[in-house]
Q: 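Structure below; questions to follow.
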Amino acid sequence: MASIRNRPYHLVIFGASGFTGQFVVEEVARTASEGPKGNLKWAVAGRSKQKLEKVLEQAAGVLSKPELRTEVDVIVADVGEPDSLAAMCKQAVIVLNCVGPYRFYGEPVVKACVENGAHHIDISGEPQFLEGMQLNYNSQAADKGVYIIGSCGFDSIPADMGVLYTRDQFKGTLSAVESFLTVNSGPEGGCIHDGTWQSAVHGFADSQKLQSLRRKFNHKPLPTVGSRLRRSSEIQQYTVPFMGSDPSVVKRTQRFLVEEHQASPVQYGAYAGIGGVGSIIKLMFAGMMFWFLVKFSFGRNLLIKHPEFFSFGVFSKAGPTRKQMEASSFQFAFYGEGYTEEQDPSQGKPNAKIRTLVQGPECGYVATPIAMVQAALTILNEPTALPKKGGVYTPGAAFAKTTLIDRLNKHGIQFSVI
C-alpha cells in the first residue's frame with residue numbers, strides 16, 4: 001500500500017485548473033494542518049502548467065496565503081498520455097481526481113492509480129462510471145492494496161453517510177429510510193456549472209448500458225427486512241424522486257455491509273423538494289424537453305450547447321459566483337423506520353421511527369470539496385479503520401468504521417438527530 005515514506009506527496013489534485021478543481025485546491029490549502037503529523041504534502045496536476053500556476057495564484061489571494069505561489073509543486077499530466085498519468089500516480093499516496101465527465105476521462109486515471117499503487121478519490125455522480133470501475137478494477141485494486149473510492153462529493157457522501165448515521169443512531173434494527181433534499185439559494189440565486197449538466201445528458205442517453213452493466217454483477221436481490229418501502233406522508237411539500245446517483249451508491253453500500261459484515265440491509269428511497277406549483281410546471285416542461293432531445297445526437301448537442309436555456313438557468317457555462325455560493329445551502333431530512341431492540345424484525349410491522357438531518361453549505365463547490373478532502377484526510381489518518389483489503393468502494397463501505405462523520409461535523413456538514 002502507498003505510504004508517504006516512498007512518495008513525495010500525500011495528495012495530488014488532478015484537474016486542479018477545472019471549475020471544481022479550483023475550490024478543491026483552496027480546501028486542501030485550508031486544511032493542510034490536518035494532515036499526518038500536522039503536515040500535508042500536496043501538489044496540483046493537469047494539462048497546462050500556466051493554468052495550474054494561475055489556480056495557485058488565485059488560491060493564494062483568496063486565502064491570504066502568498067506561500068502557495070511558491071511552495072506547491074505543479075505536475076503536468078494529461079488523460080490522453082498514460083505515461084504522464086503513471087508518473088503522477090507514482091508520486092502520490094492519494095490522487096484527488098476532479099476531471100469530469102468521468103465517463104469520458106475517468107478510467108485512464110483509475111487504471112494508472114491501480115497500476116502504480118495510489119489510492120483514488122473522485123466526486124463523480126455518474127452511476128455507469130462508478131459501477132463500471134467496480135466491475136473492472138475491484139479485484140486488481142484488492143491485489144494491490146489500493147482504495148478506489150468514488151462519489152466522495154455532494155454526490156454521495158451526505159446521503160450515503162447519512163443513511164449509516166441514521167442506522168447507528170437508531171436503537172434497534174433500522175429497516176427503511178427515505179431522504180428528502182432541499183436546496184436553498186440566497187437572494188443572489190444560484191446555478192451549477194455545465195460540466196455536471198454534460199454528465200447528466202450523457203448519463204440519460206446511455207441508461208440502457210447501465211442496465212446491462214448491472215446484469216454482469218450477477219447480484220442476488222438483497223433481503224428485505226420489515227415492510228416494503230412506501231413513500232412517507234410526513235414531508236410537507238411537493239417532491240419528486242431524486243434523479244442523482246445517491247440511490248445507486250447507497251444500495252451498493254448496503255450490499256457491501258450485508259455481504260462483508262452480515263449487517264441487516266436498509267431499504268432506501270430518495271426524493272427532492274421542488275417548491276410550489278410554478279416550479280412543478282417548469283420542471284415538467286424542462287423534463288419533457290430533456291427526455292425528447294436526449295434520445296437524438298442533434299438533441300444532445302443542443303442540450304450541451306445551451307445549458308441555461310434548457311434547464312431554466314439551473315445550469316450555466318460560467319457556473320455560480322462566489323457570492324451566490326456563500327448564500328446557498330442544502331438540507332437532507334432522513335425519515336427512518338424499524339424495530340426496537342425487543343421487537344423481532346421478522347414479525348409484524350416496524351414499531352419505531354427516527355428522523356435525522358444532514359445540513360451543509362452550497363452543494364457543488366463548497367460542500368463537495370469539503371467532503372472530498374475530509375475523505376482523503378480520513379484515509380491518511382485512519383488507515384486501520386478502512387476495509388481490510390483494497391478494492392473499489394462506495395464512501396459508506398470505505399468509511400463506515402472511521403471518524404469521517406465527526407470530521408465533516410467540524411467542517412460545516414452537520415449530522416444531527418431531530
Q: So which heavy atom on F170 is nearest to which on A352, and how close?
A: CZ-CB, 3.7 Å
Q: Atom CG in D155, atom OG in S245: separation rounded to 0.5 Å?
A: 4.0 Å
Q: Minimum heavy-atom separation for A118 and V95, please, with both atom names.
A: CB-CG2, 4.3 Å
Q: With salt bridge (Lys or Arg N to Asp or Glu O under 4.0 Å) as the rule and sequence neighbours excluded, what pairs involving residues 255-273 come up?
A: R255-E259
Q: Check for a donor-acceptor pair, side chain of K144 on one end and backbone N or O of E115 on the other, with a separation under 3.5 Å.
A: yes
Q: Does S328 reach the main-chain N or O of M325 with its side chain, forming a donor-acceptor pair under 3.5 Å?
A: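 Not a single qualifying donor-acceptor pair exists.
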Q: Once you round to the nearest 0.5 Å, how far does CD of Q211 lie from CG of D206?
A: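 Atom-to-atom, Q211:CD and D206:CG are 11.5 Å apart.
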Q: Side chains of V177 and T356, heavy atoms from C-beta outward: is any pair under 4.5 Å?
A: no
Q: I'd like to know if R322 pairs up with E326 as an ion pair, taking the criterion as any Lys NZ or Arg NE/NH1/NH2 lying under 4.0 Å from an Asp or Glu carboxylate oxygen.
A: no
Q: Go through it in stages, so that I can follow the logic: the residues are Y165 and V417, the test is side chain to side chain contact (heavy atoms under 4.5 Å, CB included), and I'd like the CA-CA distance, side-chain angles, deciding distance and then a yes or no.
A: CA-CA 9 Å; Y165 173 80; V417 177; 3.6 Å; yes
Q: Got a donor-acceptor contact below 3.5 angstrom from the H119 side chain to the Y147 backbone?
A: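 Side chain of H119 to backbone of Y147, a donor-acceptor pair under 3.5 Å: yes, one is there.
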Q: Looking only at heavy atoms, which two atoms of L52 and G46 are closest? And how far apart?
A: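 Scanning both residues, the minimum pair turns out to be CD1-N, 3.4 Å.
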Q: For A92 and V12, which heavy atoms make the closest approach, and how far apart are they?
A: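 Closest heavy-atom pair between A92 and V12: CB-CG2, 3.6 Å.
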Q: For residues 76-84, which side-chain N or O atoms pair as donor and acceptor with protein atoms under 3.5 Å away, sequence neighbours left out?
A:
{"from": "D78", "atom 1": "OD1", "to": "G80", "atom 2": "N", "distance (Å)": "2.9"}
{"from": "S84", "atom 1": "OG", "to": "D78", "atom 2": "N", "distance (Å)": "3.0"}
{"from": "S84", "atom 1": "OG", "to": "D78", "atom 2": "O", "distance (Å)": "3.3"}
{"from": "S84", "atom 1": "OG", "to": "E81", "atom 2": "O", "distance (Å)": "2.7"}

Q: Check this for me: K54, atom NZ, are more than 12 non-hydrogen atoms of other residues, nucleotides or ligands nearer than 6.0 Å?
A: no
Q: Quick check against the 3.5 Å criterion: does H10 have a side-chain atom that pairs as donor or acceptor with the backbone of K41?
A: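 Checked: pair present.
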Q: Can you tell me which residue among Q128, Q198, H202 is in a side-chain hydrogen bond (donor to acceptor under 3.5 Å, both in side chains) with R103?
A: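 It is Q128, the one option of Q128, Q198, H202 that forms the side-chain hydrogen bond (donor to acceptor under 3.5 Å, both in side chains) with R103.
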Q: Rounded to the nearest 0.5 Å, how far apart are OG1 of T173 and CD of E337?
A: 12.5 Å
Q: With a 4.5 Å heavy-atom cut-off, do V109 and V99 have their side chains touching?
A: no
Q: Write down the atom of L380, the atom of P36, and the distance for their closest heavy-atom approach.
A: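 Scanning both residues, the minimum pair turns out to be CB-CG, 3.9 Å.
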Q: Look only at the side chain of Q91 and the backbone of P8, and say whether a donor-acceptor pair between them is shorter than 3.5 Å.
A: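 Such a contact is absent between Q91 side chain and P8 backbone.
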Q: Under 3.5 Å, side-chain donor or acceptor atoms of residues 396-407 against the rest of the protein: list the pairs with distances, not counting sequence neighbours.
A:
{"from": "T402", "atom 1": "OG1", "to": "F399", "atom 2": "O", "distance (Å)": "2.8"}
{"from": "T402", "atom 1": "OG1", "to": "L404", "atom 2": "N", "distance (Å)": "3.2"}
{"from": "T403", "atom 1": "OG1", "to": "E382", "atom 2": "OE2", "distance (Å)": "2.5"}
{"from": "T403", "atom 1": "OG1", "to": "R407", "atom 2": "NE", "distance (Å)": "3.3"}
{"from": "R407", "atom 1": "NE", "to": "E382", "atom 2": "OE2", "distance (Å)": "2.9"}
{"from": "R407", "atom 1": "NH2", "to": "E382", "atom 2": "OE2", "distance (Å)": "2.9"}

Q: What is the ring orientation for F23 with Y365, classed by angle as parallel under 30°, tilted 30 to 60°, or perpendicular over 60°?
A: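 Judged by the thresholds at 30° and 60°, the geometry between F23 and Y365 is tilted.
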Q: Counting distance only, does the side-chain N/O of T31 pair as donor-acceptor with the main-chain N or O of E27 below 3.5 Å?
A: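 Yes.
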Q: Quick check for you: to the nearest 0.5 Å, what is the distance between E26 atom CD and L68 atom CG?
A: 9.5 Å
Q: Using a distance-only test with no angle check, is there a side-chain donor-acceptor pair under 3.5 angstrom linking E131 and S248?
A: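 Short answer, yes.
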Q: State, to 0.1 Å, how close H120 and N97 come at their nearest heavy-atom pair, and which atoms those are.
A: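 Closest heavy-atom pair between H120 and N97: NE2-ND2, 3.2 Å.
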Q: Under a 3.5 Å cutoff, is there a donor and acceptor pairing between the side chains of S175 and Y339?
A: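 No, Y339 and S175 have no side-chain donor paired with an acceptor closer than 3.5 Å.
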Q: Quick one: does S33's side chain have a donor or acceptor within less than 3.5 Å of a partner on G38's backbone?
A: no
Q: With a 4.0 Å cut-off, would you call E34 and K410 a salt bridge?
A: no
Q: Please check if any side-chain donor atom of D122 sits under 3.5 Å from a side-chain acceptor atom of Y102, or the reverse.
A: no
Q: Using the side-chain contact (heavy atoms from CB on, under 4.5 Å) rule, pick out the option among L181, V366, N184, T182 that qualifies with F330.
A: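 When side-chain contact (heavy atoms from CB on, under 4.5 Å) is applied between F330 and each of L181, V366, N184, T182, only L181 qualifies.
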Q: Are any side-chain N or O atoms of Q343 and backbone N or O atoms of T340, one a donor and one an acceptor, separated by less than 3.5 Å?
A: no
Q: Working to the nearest 0.5 Å, report the span between CD of Q254 and OH of Y268.
A: 10.5 Å
Q: What orientation do F180 and Y271 show, parallel under 30°, tilted 30 to 60°, or perpendicular over 60°?
A: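 The rings of F180 and Y271 lie parallel, inter-plane angle below 30°.
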Q: Indicate yes or no for a side-chain donor-acceptor contact from D246 to the backbone of S156 under 3.5 Å, with no hydrogens or angles considered.
A: no
Q: Is a donor on one side and an acceptor on the other found under 3.5 Å between the side chain of N116 and the backbone of A87?
A: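 Side chain of N116 to backbone of A87: no pair is present.
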